[in-house]
Protein chains: 2
Amino acid sequence: MNDFTKILRNHKLRPTQQRVNLGKLLFGKGNRHVTAEILKYESDCENLKVSQATVYNVLNDFYNVGLLAKVNIDDDKTWYDTNVEHHYHIFIEDESRLVDISPDAIDISIPKKLTKGKISKVDLVVKINS
Amino acid sequence: MNDFTKILRNHKLRPTQQRVNLGKLLFGKGNRHVTAEILKYESDCENLKVSQATVYNVLNDFYNVGLLAKVNIDDDKTWYDTNVEHHYHIFIEDESRLVDISPDAIDISIPKKLTKGKISKVDLVVKINS
DNA sequence: ATGCCTGCAAAATATTTGCATGTAA
DNA sequence: TTACATGCAAATATTTTGCAGGCAT
């Protein structure tokens with residue numbers, strides 16, 4: 001029983017082969033940003049037996065228990081981020097690539113009267129190109 | 001020949017009935033935020049003869065010439081904003097409603113070394129609920 | 001053994017496109 | 001009249017879901 005199996009149990013998710021394998025891809029090498037398409041491609045490269053539907057289902061499962069965050073960049077694909085702490089993003093348009101920014105690096109003070117203090121999330125995406 | 005016809009001509013768009021009618025809906029009563037679905041619903045209410053495909057085409061035409069801005073809030077529908085000046089957004093989740101924030105209201109200073117000065121767009125969405 | 005999970009295909013949703021027709025210039 | 005826009009339906013793209021079978025407990 002490896003570490004990710006334990007993490008799945010801690011989040012009340014049954015550690016199936018697909019969840020464990022996708023979990024290793026996602027959490028095995030530092031913070032990552034993926035789309036469902038990218039993750040399916042990677043799992044195919046590793047000859048894992050995972051359907052595209054299961055990739056979607058597992059991403060949603062992980063998101064629902066707080067293992068992943070969603071990032072909305074453009075009007076097509078949804079991105080998933082293994083960093084679930086509060087932070088911001090740079091999107092490198094040329095490369096369709098996301099980079100995290102620590103909230104410490106950018107100070108955003110939102111006047112309370114605008115939001116009545118009921119903030120649930122603050123999304124900041126800085127888009128850059130060359 | 002009314003005002004919006006003139007605006008269309010200025011943007012090198014032929015002022016067809018559909019573009020003029022949708023333009024009036026969009027720009028006739030202050031700043032607005034709409035999805036393709038909302039705009040189709042409104043044009044149906046006014047008994048305008050516009051197909052859903054044309055609503056999409058016209059929104060894209062207006063976006064491409066700079067009459068509209070796109071806003072990405074969630075992973076489903078794309079929002080269009082009649083305010084094309086640089087600004088930020090509050091998204092009221094309960095009501096699925098967008099509100100503009102002037103960039104003067106929130107100071108965001110992004111360290112140059114993070115972006116190498118190549119910023120093309122800064123998207124800020126503050127999500128609130130009750 | 002039981003119930004949750006997966007694969008596959010089909011459905012659902014959002015958006016784009018091809019083509020014949022209509023309309024602005 | 002000529003080119004561009006529209007309507008409709010079909011195609012495309014992304015994501016979700018139903019169901020039969022499979023695997024974890």
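Note on naming: letters A, B, ... go to the chains in the order of the sequence lines (proteins, then strands), and numbering restarts at 1 for each one. The model shown is predicted, which means the values in this text are computed figures rather than measured ones.
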> Within the 3.5 Å criterion, strictly below it, is a donor on B:His33 or B:Asp100 matched to an acceptor on the partner's side chain?
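Yes, a side-chain donor-acceptor pair sits under 3.5 Å.
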> Using rotation axes that map the C1' atoms of four end pairs onto the next four (five pairs an end), what angle separates the end axes of the helix from C:dA1-D:dT25 to C:dA25-D:dT1, to 10°?
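Helix axis angle between the two ends: 30°.
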> Would you please name every residue forming a salt bridge (Lys or Arg N to Asp or Glu O under 4.0 Å) with B:Asp75, sequence neighbours left out?
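With neighbours one apart ignored, the set is A:Lys70.
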> Applying side-chain contact (heavy atoms from CB on, under 4.5 Å), can you list everything that pairs with B:Glu46, at least two apart in sequence or on another chain?
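If we apply the side-chain contact (heavy atoms from CB on, under 4.5 Å) test to B:Glu46, skipping adjacent residues, the hits are B:Leu25, B:Leu48.
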> Take the protein atom CG of A:Asn21 and the nucleotide atom P of C:dT6, then report the distance between them rounded to whole Å.
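The answer, rounded to whole Å, is 11 Å.
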> For the residue pair A:Pro111 and B:Ile106, establish whether any side-chain heavy-atom pair is separated by less than 4.5 Å.
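Yes. Closest side-chain heavy atoms under 4.5 Å.
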> Of the residues in residues 47-56 of chain A, which ones touch DNA chain D at a heavy-atom distance under 4.0 Å?
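Contacting residues: A:Ala53, A:Tyr56.
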> Residues in side-chain contact (heavy atoms from CB on, under 4.5 Å) with A:Ala69, at least two apart?
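Scan of A:Ala69 (side-chain contact (heavy atoms from CB on, under 4.5 Å), adjacent residues dropped) gives A:Asp81, A:Val84.
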> Do the side chains of B:Val71 and B:His89 get nearer than 4.5 Å, heavy atoms only?
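Yes, their side chains come closer than 4.5 Å.
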> Would you tabulate the nitrogen or oxygen pairs shorter than 3.5 Å linking the protein to nucleotides 23-25 of chain C?
| unit_1 | atom_1 | unit_2 | atom_2 | d |
| --- | --- | --- | --- | --- |
| C:dA24 | OP1 | B:Gln17 | NE2 | 3.3 |
| C:dA25 | OP1 | B:Arg9 | NH1 | 2.5 |
| C:dA25 | OP1 | B:Arg9 | NH2 | 3.2 |

> Per the salt bridge (charged side-chain N to carboxylate O under 4.0 Å, His left out) rule, what does the pair list look like for residues 121-130 of chain B, sequence neighbours excluded?
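Listed by first then second residue: A:Asp123-B:Lys127, A:Lys127-B:Asp123, B:Lys121-B:Asp123.
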> Can you pull out every salt bridge (charged side-chain N to carboxylate O under 4.0 Å, His left out) where at least one residue sits in residues 54-64 of chain A? Sequence neighbours excluded, please.
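Of all non-adjacent pairs touching residues 54-64 of chain A, those that pass salt bridge (charged side-chain N to carboxylate O under 4.0 Å, His left out) are A:Arg19-A:Asp61.
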> Show every salt bridge (charged side-chain N to carboxylate O under 4.0 Å, His left out) that has at least one partner inside residues 29-45 of chain B, sequence neighbours left out.
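Found B:Arg32-B:Glu42, B:Glu37-B:Lys77, B:Lys40-B:Asp44.
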> Atom CG of B:Leu39 to atom C1' of C:dT15: distance rounded to whole Å?
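Value for this atom pair: 15 Å.
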> Rounded to the Å, how far apart are A:Asp61 CG and C:dG7 P?
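In whole Å, C:dG7 P lies 12 Å from A:Asp61 CG.
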> Does A:Gln18 or B:Thr78 map to a spot on DNA chain C nearer the 5' end, using the closest nucleotide for each?
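Looking at the nearest nucleotide for each, A:Gln18 comes out on the 5' side.
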> Earliest and latest nucleotide of DNA chain D, 5' to 3', sitting under 4.0 Å from a non-hydrogen atom of chain B?
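Here the contact window of chain B covers D:dA3 to D:dA9.
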> Kindly write out the residues that satisfy salt bridge (Lys or Arg N to Asp or Glu O under 4.0 Å) with B:Glu85, not counting sequence neighbours, or none if the list is empty.
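Listed in chain order: nothing, the list is empty.
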> I need the full list of salt bridge (charged side-chain N to carboxylate O under 4.0 Å, His left out) pairs touching residues 106-117 of chain A, with sequence neighbours left out, sorted by first then second residue.
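As it turns out, there is no salt bridge (charged side-chain N to carboxylate O under 4.0 Å, His left out) pair with a partner in residues 106-117 of chain A once direct neighbours are skipped.
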> When you compare the side chain of B:Leu8 with that of B:Phe4, does any pair of heavy atoms fall below 4.5 Å?
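Yes, their side chains come closer than 4.5 Å.
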> Does atom OH of A:Tyr63 have more than 12 heavy-atom neighbours from other groups under 6.0 Å away?
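No, because the 6.0 Å sphere around OH of A:Tyr63 holds 12 heavy atoms or fewer from other groups.
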> With a non-hydrogen cut-off below 4.0 angstrom, is A:Asn57 in contact with a base, only sugar-phosphate, or nothing?
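The residue A:Asn57 makes base contact.
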